[in-house]
S.K.: 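What follows is a structure written as structure tokens; I'll ask about it next.
Hydrogens, waters and symmetry mates play no part in the numbers below; they use all other heavy atoms, side chains included.
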Amino acid sequence: MAPRIVALIGGGQAAGKKSVCNAIVSRLQSWKVTDVKVLSLDNFKKGKIPNNVNPEGPDTYDFIALASAIKSETNDVLLVEGHYTLYEETLKRLGTIRIYIDLDADTRLSRRIIRDTTQRGLSLQEVLDNYLDYGKTAMERYIQGTKPTADIVLMRGTEPSGIELIAGAIYDRLAADKAAASGDNTFNVLSDSTPAWQAPNALSLRHNLLDSEFEVQTENYYELA
């Protein structure tokens with residue numbers, strides 16, 4: 001049995017995809033939703049990559065293996081993060097909700113420099129060369145174009161209001177599924193820890209949240225600033 005909810009989290013290099021996953025997991029756990037798992041596209045790289053292939057491009061990943069892994073999971077919630085989770089068509093069809101992290105290039109580059117020099121032992125020149133030769137090209141050619149396919153666009157990564165909204169939507173879906181499975185037409189919470197939008201004045205709270213947090217609505221997605 002496949003996961004009940006599959007959240008695909010994409011965006012550029014060092015945009016904060018793993019941090020967003022961790023924040024969503026933490027928020028769900030605070031509501032006693034614990035059957036949550038995270039898969040990373042980084043763990044599905046192909047073993048051998050031809051020299052003429054961009055090492056940060058989509059051809060370096062085994063999307064078939066990742067899709068198979070997603071289908072084989074049985075968790076209530078599966079978060080799948082990676083540069084190309086919104087790029088490959090098979091993955092997109094498996095997603096219940098698609099999230100794109102749209103962090104600006106300067107911030108992403110600065111994060112990349114800190115990460116690669118402190119965690120991966122690269123020199124500053126090596127980081128800049130990799131970015132200019134591979135990362136920038138991959139972003140412009142492949143990743144950036146996936147933004148319009150997202151349901152939600154996070155402008156500042158782990159912005160609390162964005163995490164609250166996404167985790168809340170997942171929580172609501174699980175609660176609705178649980179009610180339907182039990183034959184109970186009423187909306188039941190999953191635990192004793194009740195999110196704000198399930199309080200008696202939930203409707204007005206939800207409207208206030210949407211009015212204040214959704215900055216731009218396009219045909220395909222919401223930008224959350």
S.K.: Taking atom CZ of R115 and atom OG of S110, what is their separation to the nearest 0.5 Å?
M.R.: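 The OG atom of S110 is 11.0 Å from CZ of R115, to the nearest 0.5 Å.
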S.K.: I need the T85 OG1 to L91 CG distance, nearest 0.5 Å.
M.R.: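 Reported to 0.5 Å precision, the distance equals 7.5 Å.
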S.K.: Considering only heavy atoms from C-beta outward, does the side chain of K18 approach that of S40 to under 4.5 Å?
M.R.: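 A side-chain contact exists here, since the closest heavy-atom pair is under 4.5 Å.
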S.K.: Go through the steps to decide whether D104 and R108 satisfy the test salt bridge (Lys or Arg N to Asp or Glu O under 4.0 Å), and finish with yes or no.
M.R.: CA-CA 6 Å; D104 67 272; R108 286 189 291 102; over 6 Å; no
S.K.: Looking at every non-hydrogen atom in both residues, tell me the closest pair between E81 and C21 and how far apart they are.
M.R.: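 Looking at all heavy atoms of both residues, the closest pair is CB-SG, 3.6 Å.
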S.K.: Just wondering, are more than 12 heavy atoms of other shown residues or ligands nearer than 6.0 Å to CZ in R141?
M.R.: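 At most 12 heavy atoms, drawn from other residues, nucleotides or ligands, come within 6.0 Å of this atom.
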S.K.: With no hydrogens and no angle check, is any side-chain donor or acceptor of T96 less than 3.5 Å from a backbone partner on I5?
M.R.: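 Between the backbone of I5 and the side chain of T96 there is no qualifying donor-acceptor contact (under 3.5 Å).
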S.K.: Give a yes or no on whether M139 and L128 share a hydrophobic cluster (residues Ile, Leu, Val, Met, Phe, Trp, Tyr; joining criterion: side-chain heavy atoms under 4.5 Å apart).
M.R.: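 Shared cluster, no.
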S.K.: So, R98 side chain and T149 main chain: donor-acceptor pair closer than 3.5 Å or not?
M.R.: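 Present.
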S.K.: Determine, for E56 against R112, whether the closest basic-nitrogen to carboxylate-oxygen distance falls under 4.0 angstrom.
M.R.: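 So E56 pairs with R112 through a salt bridge.
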S.K.: Quick one: are L154 and Y100 in side-chain contact, heavy atoms under 4.5 Å?
M.R.: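 Sidechains of Y100 and L154: no contact.
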S.K.: Run the side chain to side chain donor-acceptor pair (under 3.5 Å) test on T34 and Q29 for me, step by step, so that the C-alpha distance in whole Å, both residues' side-chain angles and the decisive distance to 0.1 Å come before the verdict.
M.R.: CA-CA 5 Å; T34 57; Q29 288 177 342; over 6 Å; no
S.K.: Counting neighbours of CD1 on I64 that are heavy atoms of other residues, nucleotides or ligands and sit closer than 6.0 Å, is the number greater than 12?
M.R.: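 Open.
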S.K.: Would you please say whether a donor-acceptor pair under 3.5 Å links the side chains of N130 and E126?
M.R.: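 Absent: no donor and acceptor within the cut-off.
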S.K.: Would you call D76 and K37 a salt bridge, using N to O less than 4.0 angstrom?
M.R.: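 The answer is no: the pair does not qualify as a salt bridge.
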S.K.: I'd like to know if the side chain of S26 and the backbone of A23 have a donor-acceptor N/O pair within less than 3.5 Å.
M.R.: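 No; zero donor-acceptor contacts below 3.5 Å.
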S.K.: Can you tell me how far CG of L132 sits from OG1 of T137, rounded to the nearest 0.5 angstrom?
M.R.: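 Here the interatomic distance stands at 8.5 Å.
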S.K.: I'd like to know whether H83 forms a side chain to side chain contact (heavy atoms under 4.5 Å, CB included) with K17, so could you lay out the CA-CA distance, the side-chain angles of the two residues, the decisive distance to 0.1 Å, and finally the verdict.
M.R.: CA-CA 8 Å; H83 308 328; K17 298 177 290 295; 3.3 Å; yes
S.K.: Could you check whether atom NZ of K92 has more than 12 heavy atoms from other residues, nucleotides or ligands sitting under 6.0 Å from it?
M.R.: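 Counting neighbours around NZ of K92, more than 12 heavy atoms of other residues, nucleotides or ligands fall under 6.0 Å, so yes.
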S.K.: Minimum heavy-atom separation for A67 to T90, with atom names?
M.R.: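 Taking every non-hydrogen atom into account, CB-CG2, 3.9 Å.
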S.K.: Would you name the heavy atoms of I99 and L86 that are closest together and state the gap between them?
M.R.: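 So the minimum-distance heavy-atom pair works out to O-CD1, 3.5 Å.
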S.K.: Going by heavy atoms in the side chains, are L94 and L8 under 4.5 Å from each other?
M.R.: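 With C-beta onward as the side chain, the pair stays apart.
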S.K.: Minimum heavy-atom separation for K46 and D59, please, with both atom names.
M.R.: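 Scanning both residues completely, I find the closest heavy atoms to be NZ-O, 3.2 Å.
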S.K.: Stepwise, does the ring pair (Phe, Tyr, Trp, His ring centres under 6.0 Å) test hold for Y84 with Y61?
M.R.: CA-CA 9 Å; Y84 298 105; Y61 297 97; 5.8 Å; yes
S.K.: Give me the ring orientation class for W31 and Y171: parallel if the planes are under 30° apart, tilted from 30 to 60°, perpendicular past 60°.
M.R.: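 Ring orientation, 0 to 90° scale: perpendicular.
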S.K.: Any side-chain heavy-atom pair from V6 and I97 closer than 4.5 angstrom?
M.R.: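 V6 does not reach I97 side chain to side chain.
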S.K.: V38 and side-chain contact (heavy atoms from CB on, under 4.5 Å): which partner among V77, L79, N75?
M.R.: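 For V38, the side-chain contact (heavy atoms from CB on, under 4.5 Å) test succeeds with only one of V77, L79, N75, which is L79.
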S.K.: Looking at T107 and L103, would you say the former's side chain and the latter's main chain have a donor-acceptor pair under 3.5 Å?
M.R.: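 No, because the side chain of T107 does not come within donor-acceptor range (under 3.5 Å) of the backbone of L103.
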S.K.: With side chain to side chain contact (heavy atoms under 4.5 Å, CB included) as the test, would you mind laying out the steps for I9 and V80 before giving the verdict?
M.R.: CA-CA 6 Å; I9 301 172; V80 185; over 6 Å; no
S.K.: Where is the tightest heavy-atom contact between V25 and V36, given as atom of each residue plus distance?
M.R.: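 Closest approach of V25 to V36, heavy atoms only: CG2-CG1, 3.8 Å.
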S.K.: Look only at the side chain of T117 and the backbone of L124, and say whether a donor-acceptor pair between them is shorter than 3.5 Å.
M.R.: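 Checked: no pair found.
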S.K.: Got a salt bridge between D102 and K147, using NZ or NE/NH1/NH2 to carboxylate O under 4.0 Å?
M.R.: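 Here D102 pairs with K147 in a salt bridge, since their nearest N and O are under 4.0 Å apart.
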S.K.: With a 4.5 Å heavy-atom cut-off, do D129 and Y134 have their side chains touching?
M.R.: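 Side-chain contact under 4.5 Å: no.
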S.K.: CD1 of I163 to CD1 of I24: how many Å apart, nearest 0.5 Å?
M.R.: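 Going from the CD1 atom of I163 to the CD1 atom of I24 covers 5.0 Å.
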S.K.: Would you give the length of the straight line joining atom CZ of F63 to atom OG of S68, rounded to the nearest 0.5 angstrom?
M.R.: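 So the gap between those two atoms works out to 15.0 Å.
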S.K.: I113 vs L109, test: side chain to side chain contact (heavy atoms under 4.5 Å, CB included). Steps then yes/no.
M.R.: CA-CA 6 Å; I113 290 171; L109 177 57; 4.1 Å; yes
S.K.: What are the two closest non-hydrogen atoms of I143 and G12, and how far apart are they?
M.R.: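 Closest approach of I143 to G12, heavy atoms only: CG2-N, 3.8 Å.
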S.K.: Taking atom OH of Y87 and atom CD of Q144, what is their separation to the nearest 0.5 Å?
M.R.: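 The CD atom of Q144 is 14.0 Å from OH of Y87, to the nearest 0.5 Å.
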